[in-house]
Amino acid sequence: MKPMTRTISDWTTRVLLPFAITLLLAAMPLGVAAQDYNSIGEDGVMKLAKRGNKKDSVDGKKDFPRGLKVWTIDERFGDITPAEPDTVPFMFMNSIFTTGMNGEYNTTGNLGANRLNRIFTDRQSYDDFIFSHGYDYFVKQVSDIHFTNTYSPITNLSLNTCGNRTNGEDHFKALFAINAGKRIGVGFKFDYLYGRGYYQENSASLFNYTLWGSYLGDRYQAHLLLSTNHMKQAENGGIINDNYITHPERFREKYSENEIPTMLQQNWNRNDNLTVFYSHRYSFGFSREVPMTEEEIKAKKFAMASAKENEAKKAKEAAKRAAEKNNEEFDEEEYEKQVALDKETAGNQAEPVDTTWMKSEYVPVTSFIHTVKFKNSERIYQAYSNPKDYYANTYETLARFSGDTIYDKTRHYALDNTFAIALLEGFNKYAKAGLKAFAHHEFKHYALPDSASDARSYNEQTLYVGGQISKTQGNTLHYDATGEVGTLGASVGDIYIDGTADLNFPLLGDTVQLAADGFFHHYAPTFYYTKYHSRHFWWENDDFKNVTHTRLQGRLSWERTDTQLRVAVDNITNHVYFSTNYNVNENFERLNNTATARQCSDNISILTASIEQKFAYKFLHLDAVLTYQKSSLERVIPVPALNAYANFYFRFKLAHVLDCDLGADVRYFTKYNAPDFVPGIAQYAVQENENIKTEIGNYPIVNAYANFFLKHARFFVMMSHVNSPGSGGDYFLTPHYPINTRVFRFGISWNFFN
């Protein structure tokens, strides 16, 4: 049976069962409370958390307060940062793409494919397991997970789809969040993506289950996260001849997408990973009386009104029982008149000045922090057949795999522990900044096939010590500087210094923000750049030197005019990267493939400059992002000189209730020798074959769409790549990997409040 084939049992276990559990939990009528973070109200619009006394439109009963608050946490210290729920309707139609919101990623063409950011400054390093980096849109880091706090149970179901059973793409997500009291919040997410692929042997199947929980007490706080991913990607190695796309007139017959020959068949990349994360802290401090916020006052008034209503009901029931006990008839009309008279009498009395809107606030001074993370990852490259002479090298030490069969397997797990002591910001007027001191220990394990056995183990232990100073309170100035140095094991001599700062001030009736960030990193190359063993790719780079990477970046933004300028400079010495080479025969087949990790001792500089601007005139809108890049050594770090995105749309309401954005957007980048994709190592690699390098770019991709928002629901219809030519076009986002032609798409996301 082929690895991509799924049985009815698979569907029941992986899709139907989680979906049924989601609906069951969504139906549970549990009342809860919440704390203050950024929120979305019951109408789906971002707003401050509110409690109200609204009437249910169905049965007239008083509704529960509703709302969802979300935040992210710092992976090292567990510090909380308020975040926006993923329910904002604007640009919802672009959230479905592997290529990113502004189309800034290169991919191998299909939904769920591996990707690489064309903007070098925006590339992330993530963890040591490089094989999952290209799935960063699906495999979320701990610092990207949204923890939740809810007024009432909330369920979100999202689906986007296109095509049919043969070539379609489907992505389904279910999220459920609930609270047990105001301090404990829990939730889970199920994420399933299945892209069958419009081209041969290009399907992708990705599963994610994530469970989170949090406890936010005055003295003790904790966050727990469990996440598992299973990802399976069929690899076709790209189409054999680019002329099928660029010059179809050269062929006697017209080929549809699924008829174009590809280099590989029956090849798959598989990735599995599990993350367990727990962060907790205990704080010492003192209590003080402070005024309630406006929202807290409203919440208390809501509770007081509910209490009075309950008391009135109990009093009425008591009066009824007293009348029945005395064999008297209960006159409800007379009772209501007496209650109204009592209220009027009480209302005519002088009301004392209210002094009750105060609360006791616990002010933490010192915190003791512990964070632990365990991550287990496994990657398998499996193949049943390959073209003759496709690989330049075959390592017979793995002879148990005969013929064209490939089963390259590597495993990595890591256990991280961080202990920190924090002196917190703002506990008195002299504490203008927070201070932390920490020690961070990592144990890393790697397994690779070897000439002597199918799995050889490599272990590393590292210890870092460091500190942080930060200012997050106030409206004018914020900053954060963190430094650490390796003192034990493989990390000895490693240095990491990171810093951010922003200054906010009024200017000519507008709010201006001047922000800067940067880092200095001096570190040993990660494991898979120094060692990798497989049937056709093998390297040992123990002589690699430490990498030095420095970045300085500045941002200038104007709030009222929606303008942002960015300039960044990267400087890298001893840069490590992947490269690939191959030959092309008379049939355009790419044979004798090689790939390896390399290091460049030259000093490389990358300049990035971008401008983001939003224009609006009545119902007309134009949003644009323009980015310029220049690499001092294109043969090692190739980047397009210009990357652009523009979105032109009309914004209006239908029937006074349905918000609509109707428009089209375009993404474009100039030609450059983009990195090629190497299925055997699942990495983007620089092209080394000087005489046959392939350029991509200089082709606009246009999508036309209608994006809607109605109270609890977001939905869209779209025709992607609407400018797909009838004949000829350089629509590649990776050499030899064309994107889909014109495709009709539909997506919906619905919030359910219980």
Side-chain angles (χ1 to χ4, degrees), residues 38-48 50 67-68 84-97 99-104 156 158-162 506-513 555-566 610-627 642-668 700-724 742-751:
N38 284 357
S39 65
I40 176 171
E42 63 172 327
D43 57 359
V45 178
M46 286 293 300
K47 60 175 68 175
L48 293 175
K50 293 185 179 181
L68 170 67
E84 292 185 0
D86 183 23
T87 50
V88 178
F90 178 60
M91 294 282 283
F92 174 52
M93 72 287 176
N94 279 8
S95 66
I96 70 170
F97 290 120
T99 52
M101 294 292 284
N102 296 334
E104 66 272 31
N156 174 265
S158 300
L159 171 70
N160 68 79
T161 184
C162 71
L507 179 66
L508 302 177
D510 197 357
T511 299
V512 178
Q513 182 183 80
R555 299 174 186 268
L556 183 62
S557 59
W558 291 265
E559 182 176 300
R560 188 176 63 184
T561 58
D562 276 329
T563 305
Q564 184 179 102
L565 301 176
R566 177 176 69 150
S610 69
I611 180 171
E612 181 175 352
Q613 178 68 64
K614 296 182 179 180
F615 302 94
Y617 178 73
K618 295 184 178 179
F619 57 88
L620 299 177
H621 292 258
L622 174 62
D623 302 342
V625 183
L626 187 64
T627 303
L642 189 65
N643 197 88
Y645 174 80
N647 183 16
F648 179 78
Y649 55 99
F650 300 90
R651 173 166 290 175
F652 54 90
K653 279 185 178 289
L654 294 175
H656 304 289
V657 294
L658 181 62
D659 292 304
C660 177
D661 288 344
L662 178 65
D665 63 0
V666 58
R667 54 225 13 97
Y668 170 87
I701 303 170
V702 181
N703 298 339
Y705 67 89
N707 193 44
F708 302 96
F709 176 57
L710 177 63
K711 198 171 184 179
H712 301 299
R714 302 173 291 165
F715 57 99
F716 69 86
V717 291
M718 171 193 290
M719 186 66 75
S720 62
H721 198 182
V722 68
N723 61 316
S724 176
R742 193 177 298 113
V743 175
F744 178 78
R745 302 176 183 272
F746 168 76
I748 185 169
S749 178
W750 201 299
N751 295 319

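The structure presented is a predicted model; accordingly, all values stated were derived computationally and were not measured.
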Item to check | side-chain contact (heavy atoms from CB on, under 4.5 Å) partners for N707, two or more places apart | outcome: F92, M93, D661, Y705, F716
Checklist entry - Who passes side-chain hydrogen bond (donor to acceptor under 3.5 Å, both in side chains) against H721, sequence neighbours left out? => result Y699
Checklist entry - By side-chain hydrogen bond (donor to acceptor under 3.5 Å, both in side chains), which residues pair with E559, not counting sequence neighbours? => result none
Checklist entry - Does R667 have any salt bridge (Lys or Arg N to Asp or Glu O under 4.0 Å) partners at least two apart in sequence or in another chain, and if so, which? => result D665
Checklist entry - To the nearest 0.5 Å, what is the distance between CG (N643) and OG (S610)? => result 10.0 Å
Checklist entry - Is there a donor-acceptor pair under 3.5 Å between the side chain of N723 and the backbone N or O of P700? => result yes
Checklist entry - Can you name the residues that form a side-chain hydrogen bond (donor to acceptor under 3.5 Å, both in side chains) with E104, not counting sequence neighbours? => result none
Checklist entry - How long is the gap from CD on Q613 to CH2 on W558, to the nearest 0.5 Å? => result 9.0 Å
Checklist entry - CG of L620 to CZ of F652: how many Å apart, nearest 0.5 Å? => result 11.0 Å
Checklist outcome for this item: Hits for salt bridge (Lys or Arg N to Asp or Glu O under 4.0 Å) against K614, two or more places apart or cross-chain, chain-then-number order -> none
Checklist entry - Taking only residues two or more places apart in sequence or in another chain, which ones pass salt bridge (Lys or Arg N to Asp or Glu O under 4.0 Å) with R742? => result none
Item to check | Gap separating the CG atom of N102 from the CD atom of E612, nearest 0.5 angstrom | outcome: 7.0 Å
Item to check | Residues in side-chain contact (heavy atoms from CB on, under 4.5 Å) contact with I611, at least two apart in sequence or another chain | outcome: L565, L626
Next on the checklist: Can you confirm whether more than 12 heavy atoms, excluding those of W750, are under 6.0 Å from its CH2 atom?
Outcome noted: no
Item to check | All ring pair (Phe, Tyr, Trp, His ring centres under 6.0 Å) counterparts of Y645, not counting sequence neighbours | outcome: none
Checklist outcome for this item: Here the pair of heavy atoms bringing A664 nearest to N647 is O-OD1, 3.5 Å
Checklist entry - Under the side-chain hydrogen bond (donor to acceptor under 3.5 Å, both in side chains) test, which residues partner T511, sequence neighbours left out? => result none
Checklist entry - In Å and rounded to the nearest 0.5 Å, what is the CG to OG1 distance from L642 to T627? => result 8.0 Å
Item to check | Residues forming a ring pair (Phe, Tyr, Trp, His ring centres under 6.0 Å) with F648, sequence neighbours excluded | outcome: F650
Next on the checklist: Determine whether Q564 and R555 satisfy the following criterion, side chain to side chain donor-acceptor pair (under 3.5 Å), listing intermediate values before the conclusion.
Outcome noted: CA-CA 7 Å; Q564 184 179 102; R555 299 174 186 268; 3.2 Å; yes
Checklist entry - For the atom pair CG (N703) and CG (N94), what is the distance rounded to the nearest 0.5 Å? => result 6.5 Å
Checklist entry - Which residues satisfy the salt bridge (Lys or Arg N to Asp or Glu O under 4.0 Å) test with R745, sequence neighbours excluded? => result E169
Checklist entry - Quick one: does S720's side chain have a donor or acceptor within less than 3.5 Å of a partner on V743's backbone? => result yes
Next on the checklist: I'd like to know whether CG of L508 has more than 12 heavy-atom contacts from other residues, nucleotides or ligands below 6.0 angstrom.
Outcome noted: no
Checklist entry - What class does the angle between the rings of Y649 and F90 fall in, given that below 30° is parallel, 30 to 60° is tilted and above 60° is perpendicular? => result tilted
Item to check | Minimum-distance pair of heavy atoms, taken over all atoms of A704 and V722 | outcome: N-CG1, 4.3 Å
